[in-house]
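None of the values given here were measured: they were computed from a predicted structure. Note on naming: letters A, B, ... go to the chains in the order of the sequence lines (proteins, then strands), and numbering restarts at 1 for each one.
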Protein chains: 2
Amino acid sequence: MAGKATQTALPSIDPEEACPIAPVVDIVFSRWTTPILWTLNMHGRQRFVELERRIAAITPKVLTQRLRQLERDGMIVRTYHPEVPPRVEYEITELGRSLAPLFANLAEWASTNLAKVDLARHDYDTAAAR
Amino acid sequence: MAGKATQTALPSIDPEEACPIAPVVDIVFSRWTTPILWTLNMHGRQRFVELERRIAAITPKVLTQRLRQLERDGMIVRTYHPEVPPRVEYEITELGRSLAPLFANLAEWASTNLAKVDLARHDYDTAAAR
DNA sequence: CGGTATCCCTAGGGATACTG
DNA sequence: CAGTATCCCTAGGGATACCG
């Protein structure tokens, strides 16, 4: 708790506290998670190699890491089929699917506002050049 | 970002291509941006030091970096008042404010689903412990 | 197929100064 | 006040190789 014998005892707000959506951001918008969830949501249950190919550019190590994290967070389920060769399938859960409307909103925001961002960037850059 | 194609050229899909919301994520959900935008949206026009105190834990260097980036993206405006001592005010723009409903959705998702995530994590961890 | 196990490597955040 | 200017430092992503 706040000992503060020294000086810095202001009403400090954690970065997470200052912004109620910070926890969600950590869960949903960390690196590679949106492509993975998006792909799983669009194309349904998929095997490891399918995800690897669809997302491309991602390495197996990182894909595994993110899949584990998403599994732990209850966003996806992993099903292991002990066959030869082994088969593993990943599927989005109800919890994961509950993000779909959010993603749709984001996509809609993007389609109407991304151009404005580009314009703003261009303006900023050309203004700075002078 | 680099993007070196060291790998064999398959019908690769960019991480950005695989997921239509990837660009938005880069703009809106990169580190510290949500707390900054949230604070600016909630408390209106603010000076540098106010943001610094409200968000706490953030260093002036990083705060400056993110503010510049948000300004470049057209999400906030910076107003410099040449006084002594100097005064600078930051304010969210219309474009920035257009994210508010999105943030509200996220906050709502958080309030109904964050507990489920915690539960999933607990289940995962205790299952792994056995 | 579905992953580990390594090593490497750098972007970016933190701490600590210092200035106009 | 509102930032720069440095230095440091490590988490985490990429590349490569290998295993059950």
Side-chain angles (χ1 to χ4, degrees), chain A residues 6-8 10 12 14-16 22 25-27 29-36 39-40 45-72 76-91 128, chain B residues 1-10 12 14-16 22 25-27 29-36 39-40 45-72 76-91 128:
Chain A
T6 38
Q7 182 208 31
T8 4
L10 285 171
S12 302
D14 284 63
E16 314 290 289
V25 173
D26 284 347
I27 295 169
F29 299 104
S30 52
R31 189 130 216 241
W32 293 112
T33 53
T34 34
I36 293 173
T39 304
L40 244 21
R45 170 182 299 182
Q46 281 162 88
R47 307 178 61 164
F48 187 88
V49 74
E50 295 182 271
L51 288 169
E52 209 177 347
R53 246 178 282 187
R54 281 226 169 77
I55 297 172
I58 196 171
T59 58
K61 187 188 86 174
V62 176
L63 180 55
T64 304
Q65 286 175 348
R66 303 283 86 156
L67 287 172
R68 290 291 179 279
Q69 179 187 313
L70 287 169
E71 189 192 1
R72 188 174 104 99
I76 64 175
V77 274
R78 176 182 182 270
T79 316
Y80 177 75
H81 304 272
E83 310 167 357
V84 181
R87 188 162 56 92
V88 173
E89 290 185 314
Y90 292 93
E91 192 176 11
Chain B
M1 298 242 188
K4 23 167 113 160
T6 15
Q7 218 185 353
T8 13
L10 286 169
S12 304
D14 284 63
E16 315 291 290
V25 173
D26 284 346
I27 294 168
F29 299 103
S30 52
R31 188 128 216 241
W32 294 111
T33 53
T34 35
I36 293 173
T39 304
L40 245 20
R45 169 183 301 180
Q46 278 162 92
R47 306 178 62 165
F48 187 87
V49 74
E50 295 182 272
L51 288 169
E52 212 178 343
R53 246 177 285 184
R54 282 229 169 74
I55 296 172
I58 195 170
T59 59
K61 188 188 86 175
V62 175
L63 180 56
T64 305
Q65 287 174 347
R66 304 280 87 152
L67 287 172
R68 291 290 179 278
Q69 178 187 314
L70 288 169
E71 189 192 1
R72 189 175 104 99
I76 65 175
V77 275
R78 175 182 183 270
T79 316
Y80 177 76
H81 303 273
E83 309 168 356
V84 179
R87 188 163 55 93
V88 174
E89 291 185 314
Y90 292 93
E91 193 176 11

Asker: How long is the straight-line distance from CD1 of I58(A) back to CZ of R31(A), given to the nearest 0.5 Å?
Answerer: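 The CD1 atom of I58(A) is 8.5 Å from CZ of R31(A), to the nearest 0.5 Å.
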Asker: Taking the side chain of R53(B) as its heavy atoms from C-beta onward, which of dC1(D), dG14(C), dG13(D) lies nearest to it?
Answerer: dC1(D)
Asker: If only side-chain N and O atoms of R31(A) are considered, is one of them under 4.0 Å from the OP1 or OP2 phosphate oxygen of dG13(D)?
Answerer: no
Asker: Rounded to the nearest 0.5 Å, what's the gap from CG on L40(A) to CG on L70(A)? Could you check?
Answerer: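 Taking CG in L40(A) and CG in L70(A), the distance rounds to 8.5 Å.
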Asker: Please give, in whole Å, the distance from dC1(D) P to E50(B) CD?
Answerer: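 One finds 10 Å between P of dC1(D) and CD of E50(B), rounded.
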Asker: Go through the structure and list residues passing side chain to side chain contact (heavy atoms under 4.5 Å, CB included) with E71(B), not counting sequence neighbours.
Answerer: Y124(A), R68(B), I76(B), R78(B)
Asker: Taking ring pair (Phe, Tyr, Trp, His ring centres under 6.0 Å) as the test, write out the residues that go with F48(A), two or more places apart.
Answerer: none
Asker: How many Å lie between CG on L63(B) and C1' on dA5(D), as a whole number?
Answerer: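 These atoms are roughly 17 Å apart.
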Asker: Return the set of residues passing side-chain hydrogen bond (donor to acceptor under 3.5 Å, both in side chains) with Q65(B) (not counting sequence neighbours), or none when no residue passes.
Answerer: none
Asker: Among residues 77-87 of chain A, which ones have heavy-atom contacts with DNA chain D below 4.0 Å?
Answerer: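 Correct list: P86(A).
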Asker: Under 4.0 Å: is that the gap between some side-chain N or O of Y90(A) and OP1 or OP2 of dG3(C)?
Answerer: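 Yes, within the criterion.
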Asker: Between E52(B) and P60(B), what is the shortest heavy-atom contact and its length?
Answerer: OE2-CD, 3.7 Å
Asker: How many whole angstroms separate atom CZ of R66(B) from atom P of dG14(C)?
Answerer: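 Distance, rounded to whole Å: 10 Å.
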Asker: Grab the two heavy atoms, one from S30(A) and one from T33(A), that are nearest each other, plus how far apart they are.
Answerer: O-OG1, 2.6 Å
Asker: Measuring from L67(B):CG to W32(B):CH2, what's the distance to the nearest 0.5 Å?
Answerer: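 The distance works out to 12.0 Å.
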Asker: For E89(B) and dC1(D), give me the distance from atom CD to atom C1', rounded to whole Å.
Answerer: 12 Å
Asker: Rounded off to whole Å, could you give me the CD-to-P distance for the Q65(B) and dT4(D) pair?
Answerer: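 For the pair Q65(B) CD and dT4(D) P, the rounded distance is 10 Å.
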Asker: Checking Q46(B) now: which residues fulfil side-chain hydrogen bond (donor to acceptor under 3.5 Å, both in side chains) with it, not counting sequence neighbours?
Answerer: R54(B)
Asker: Quick one: bend of the helix from dC1(C)-dG20(D) to dG20(C)-dC1(D) from 5 pairs per end, to 10°?
Answerer: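 Axis angle across the helix from dC1(C)-dG20(D) to dG20(C)-dC1(D), nearest 10°: 50°.
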Asker: E52(A) has an atom CD; how far is it from atom P of dA15(D), in whole Å?
Answerer: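 Interatomic distance, CD of E52(A) to P of dA15(D): 13 Å.
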Asker: Can you find a side chain N or O atom of R68(A) that sits less than 4.0 Å from OP1 or OP2 on dG3(C)?
Answerer: yes
Asker: The criterion is salt bridge (charged side-chain N to carboxylate O under 4.0 Å, His left out); which residues satisfy it with R45(B), sequence neighbours excluded?
Answerer: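 R45(B) satisfies salt bridge (charged side-chain N to carboxylate O under 4.0 Å, His left out) with E89(B), E91(B) once adjacent residues are dropped.
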Asker: Who passes salt bridge (charged side-chain N to carboxylate O under 4.0 Å, His left out) against R66(A), sequence neighbours left out?
Answerer: none
Asker: Which one, dG3(C), dG13(D), dG3(D), comes nearest to the side chain of V62(A)?
Answerer: dG13(D)
Asker: Do nucleotides 5-11 of chain C as a string where each nucleotide becomes B, S or -: B if the base has a protein heavy atom under 4.0 Å, S if just the sugar-phosphate does, - if no protein is that close.
Answerer: -BB----
Asker: Of the nucleotides dT4(C), dG14(C), dC1(C), which one has an atom closest to the side chain of V49(A)?
Answerer: dC1(C)
Asker: State which of dG3(C), dG14(D), dC1(C) makes the closest approach to the side chain of P60(A).
Answerer: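 Minimum distance to the P60(A) side chain belongs to dG3(C).
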Asker: Mind calculating the distance between CD1 (I58(B)) and P (dT16(C)) to the nearest angstrom?
Answerer: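 Answer to the nearest Å: 17 Å.
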Asker: Excluding sequence neighbours, so at least two apart, what forms ring pair (Phe, Tyr, Trp, His ring centres under 6.0 Å) with Y90(B)?
Answerer: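 Result, ring pair (Phe, Tyr, Trp, His ring centres under 6.0 Å) vs Y90(B): none returned.
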Asker: Expressed as a whole number of angstroms, how long is the span from I55(A):CD1 to dG14(D):C1'?
Answerer: 16 Å
